[in-house]
Amino acid sequence: MTDFTPTEMMTIAAARELSNDDVCFVGIGAPSAACNVARLTHAPDITLIYESGTVGTKPDVLPLSIGDGELCDTALFTVSVPEMFRYWLQGGRITTGFLGGAQIDRFANLNTTVVGPYDQPKVRLPGGGGAPEIASNCGRIFITMALSKRGFVEKLPFVTSMGHGEGGNTRERLGLKTKGPTRVITDLCILEPAPETKELTVVSIHPGVGREQIVESCGWPIKFAETVIETPAPTETELSVLRDINARTRKAHEGTGPGKEAA
């Protein structure tokens with residue numbers, strides 16, 4: 001078995017969730033890495049959309065932000081932000097949203113606003129951006145973030161992006177017609193909302209990870225599905241693609257990529 005890091009396992013497991021037919025609204029960071037690994041391996045015809053209005057983008061390096069020129073340079077076309085949200089997102093034209101977050105609760109609600117009281121926070125985070133609308137309007141949502149007690153918390157201090165609310169049929173009661181989060185991919189395991197309660201439940205454990213490690217890394221008493229499988233290890237091809245795009249990204253952002261002067 002090829003050696004790999006937990007982060008590489010998380011990114012590749014997340015990439016596998018995507019298909020060739022997906023129209024995917026991509027978040028910056030881990031979601032962007034996963035989506036582009038999918039594009040460069042098993043889903044070459046996937047349509048990647050970023051919040052800045054770039055449609056069908058095929059970046060050679062991972063963007064630093066939604067305003068990174070790499071996205072516009074490699075896009076099929078670019079639209080205005082109002083058109084992106086009103087016509088594409090709210091119009092129901094995006095099958096999948098891929099998000100990350102600073103904190104998540106057992107019902108897959110996300111916090112990217114504050115840690116601590118809103119008016120006197122311990123940490124003020126970047127905010128929601130387009131994530132609340134993505135979480136509400138994409139056909140389904142995938143979330144990728146490392147599993148830790150700091151990030152997977154019993155109660156969020158602020159709900160930035162709606163997951164399954166208080167559980168059960170909360171989304172339906174609020175008039176949301178999309179599925180919401182259907183998978184949470186972490187560096188230790190993969191979780192899905194239970195059919196009735198919508199509480200996140202472990203359905204797949206990554207190679208070399210034990211249940212005790214998962215329990216100790218979560219901020220609530222995490223549950224396991226009746227049948228839990230082992231996540232297939234990354235293939236050499238998947239690892240090579242991920243490592244290559246990460247290496248190109250590091251080089252470009254250090255100022256030594258093609259067309260840039262050495263730092």
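The figures here come from the full heavy-atom set of this structure, side chains too, leaving out hydrogens, waters and symmetry mates.
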Taking only distance into account, with no hydrogens and no angle test, what donor-acceptor pairs under 3.5 Å do side-chain atoms of residues 208-223 form with protein atoms, sequence neighbours excluded?
unit_1, atom_1, unit_2, atom_2, d
Ser217, OG, Gln213, O, 2.7

### Query
Nearest 0.5 Å, what's the OG1-CG distance between Thr41 and Leu18?
9.0 Å
### Query
Transitive ILVMFWY cluster of Val153 at side-chain heavy atoms under 4.5 Å: who else is in it?
Leu156, Val159
### Task
Evaluate side chain to side chain contact (heavy atoms under 4.5 Å, CB included) for Thr231 paired with Met9, printing each intermediate quantity in order.
CA-CA 9 Å; Thr231 312; Met9 181 72 259; 3.7 Å; yes
### Query
For the atom pair CG (Asp60) and CD1 (Ile245), what is the distance rounded to the nearest 0.5 Å?
7.0 Å
### Message
Any non-hydrogen side-chain atom of Arg16 less than 4.5 Å from a side-chain atom of Pro232?
### Response
yes
### Query
Have Thr78 and Thr54 got a donor and an acceptor in their side chains that come within less than 3.5 Å?
no
What side-chain donor-acceptor pairs closer than 3.5 Å can you find for residues 129-139, not counting sequence neighbours?
unit_1, atom_1, unit_2, atom_2, d
Ser136, OG, Pro132, O, 3.0
Asn137, ND2, Glu133, O, 2.9

### Message
For the CG atom of Leu48 and the SG atom of Cys24, what is their distance to the nearest 0.5 Å?
### Response
6.0 Å
### Message
Tell me whether Met145 shares a hydrophobic cluster with Ile205, the cluster being built from Ile, Leu, Val, Met, Phe, Trp, Tyr side chains joined at under 4.5 Å.
### Response
yes
### Task
Just grab all the salt bridge (charged side-chain N to carboxylate O under 4.0 Å, His left out) pairs involving residues 91-119, residues at least two apart or on different chains.
Arg106-Glu154, Arg106-Glu199
### Message
Could you measure the distance from the OG1 atom of Thr96 to the CG atom of Asp21? Nearest 0.5 Å is fine.
### Response
10.5 Å
### Query
Does the side chain of Pro6 come within less than 4.5 Å of His206's, by heavy atoms?
no
### Query
Any side-chain heavy atom of Ile143 within less than 4.5 Å of one from Arg183?
no
### Query
Can Leu174 and Met162 be said to form a side chain to side chain contact (heavy atoms under 4.5 Å, CB included), step by step?
CA-CA 11 Å; Leu174 293 176; Met162 173 81 165; 3.3 Å; yes
### Task
Could you tell me the separation between the OG atom of Ser204 and the CD1 atom of Ile190, rounded to the nearest 0.5 Å?
4.5 Å
### Query
At their closest point, which heavy atom of Pro157 faces which heavy atom of Gly116, and how far apart are they?
CB-O, 3.6 Å
### Message
Testing the basics here: between Asp3 and Arg243, what is the closest heavy-atom pair and its distance to 0.1 Å?
### Response
O-NH2, 2.9 Å
## Note on the structure
ring-ring contact (aromatic ring centres under 6.0 Å, His included) pairs touching residues 154-190, sequence neighbours excluded, are Tyr118-Phe158
### Message
Any heavy-atom pair between the side chains of Pro63 and Ser32 that's under 4.5 Å?
### Response
yes
### Query
When you measure from the side chain of Ser52 to the backbone N and O of Gly67, does any donor-acceptor pair fall under 3.5 Å?
no
### Task
Look at the side-chain heavy atoms of Ile, Leu, Val, Met, Phe, Trp and Tyr, link any pair under 4.5 Å apart, and say whether Val123 and Ile104 land in one connected group.
no
### Task
With sequence neighbours left out, write down each residue that passes side-chain contact (heavy atoms from CB on, under 4.5 Å) with Val23, or none if nothing qualifies.
Thr47, Ile49, Ile94, Thr95
### Query
Would the number of heavy atoms belonging to other residues, nucleotides or ligands and lying under 6.0 Å from CZ of Arg124 be above 12?
yes
### Query
Would you say Phe152 and Phe224 are hydrophobically clustered, going by side-chain heavy atoms of ILVMFWY under 4.5 Å?
yes
### Task
Could you tell me whether the side chain of Arg140 reaches within less than 4.5 Å of the side chain of Asp22, counting heavy atoms only?
yes
### Query
In chain order, what residues pass the side-chain contact (heavy atoms from CB on, under 4.5 Å) check against Asp244, with sequence neighbours excluded?
Ser240, Arg248
#### Entry: Nearest heavy atoms of Gly167 and Thr170, plus distance in Å
O-OG1, 2.6 Å
### Query
Would you find a donor on one side and an acceptor on the other, under 3.5 Å apart, between the side chain of Thr57 and the backbone of Leu71?
yes
#### Entry: ring-ring contact (aromatic ring centres under 6.0 Å, His included) partners of residues 92-115, not counting sequence neighbours, each pair once
Phe98-Phe142
### Task
State, with a plain yes or no, whether a side-chain heavy atom of Leu99 is found less than 4.5 Å away from one of Pro31.
no
### Query
Is Ile185 linked to Leu62 within one hydrophobic cluster, defined over Ile, Leu, Val, Met, Phe, Trp and Tyr using a side-chain heavy-atom separation of less than 4.5 Å?
no
### Summary
Hits for side-chain contact (heavy atoms from CB on, under 4.5 Å) against Ala225, two or more places apart or cross-chain, chain-then-number order -> Thr201, Val203, Val228
### Query
Distance-only, no hydrogens or angles: does the Glu238 side chain make a donor-acceptor pair with backbone N or O of Thr235 under 3.5 Å?
yes
### Task
Using salt bridge (charged side-chain N to carboxylate O under 4.0 Å, His left out) as the criterion, list what pairs up with Glu70, not counting sequence neighbours.
none
### Message
Nearest 0.5 Å, please: how far is CD in Glu17 from CD1 in Ile12?
### Response
13.0 Å
### Message
Could you go through Glu8 and Val37, starting from their C-alpha distance and side-chain angles, then the distance that decides it, and tell me whether this counts as side chain to side chain contact (heavy atoms under 4.5 Å, CB included)?
### Response
CA-CA 11 Å; Glu8 288 174 333; Val37 168; over 6 Å; no
### Message
Is there a path of hydrophobic side-chain contacts, each under 4.5 Å between heavy atoms, that joins Val26 and Ile66?
### Response
yes
### Task
May I ask you to test the Cys35-Ile46 pair for a side-chain heavy-atom distance under 4.5 Å?
no
### Query
Is the closest side-chain heavy-atom distance between Met84 and Tyr50 below 4.5 Å?
no
### Query
In terms of side-chain heavy atoms, does Arg39 have a donor or acceptor partner in Asn36 at a distance below 3.5 Å?
yes
### Query
Of the non-hydrogen atoms in Gly163 and Asn109, which two are nearest, and what is the gap between them?
N-OD1, 2.8 Å
### Message
Exactly one of Asn111, Thr112, Thr113, Thr160 should register a side chain to side chain donor-acceptor pair (under 3.5 Å) with Gln103. Which one does?
### Response
Asn111
### Message
Listing request: all salt bridge (charged side-chain N to carboxylate O under 4.0 Å, His left out) pairs with a residue in residues 166-179, at least two apart in sequence or in separate chains.
### Response
none
### Message
Is it the case that the side chain of Asp187 and the backbone of Leu147 share a donor-acceptor pair, with hydrogens and angles ignored and the cut-off at 3.5 Å?
### Response
yes
### Query
Can you list every ring-ring contact (aromatic ring centres under 6.0 Å, His included) pair that touches residues 180-205, not counting sequence neighbours?
none
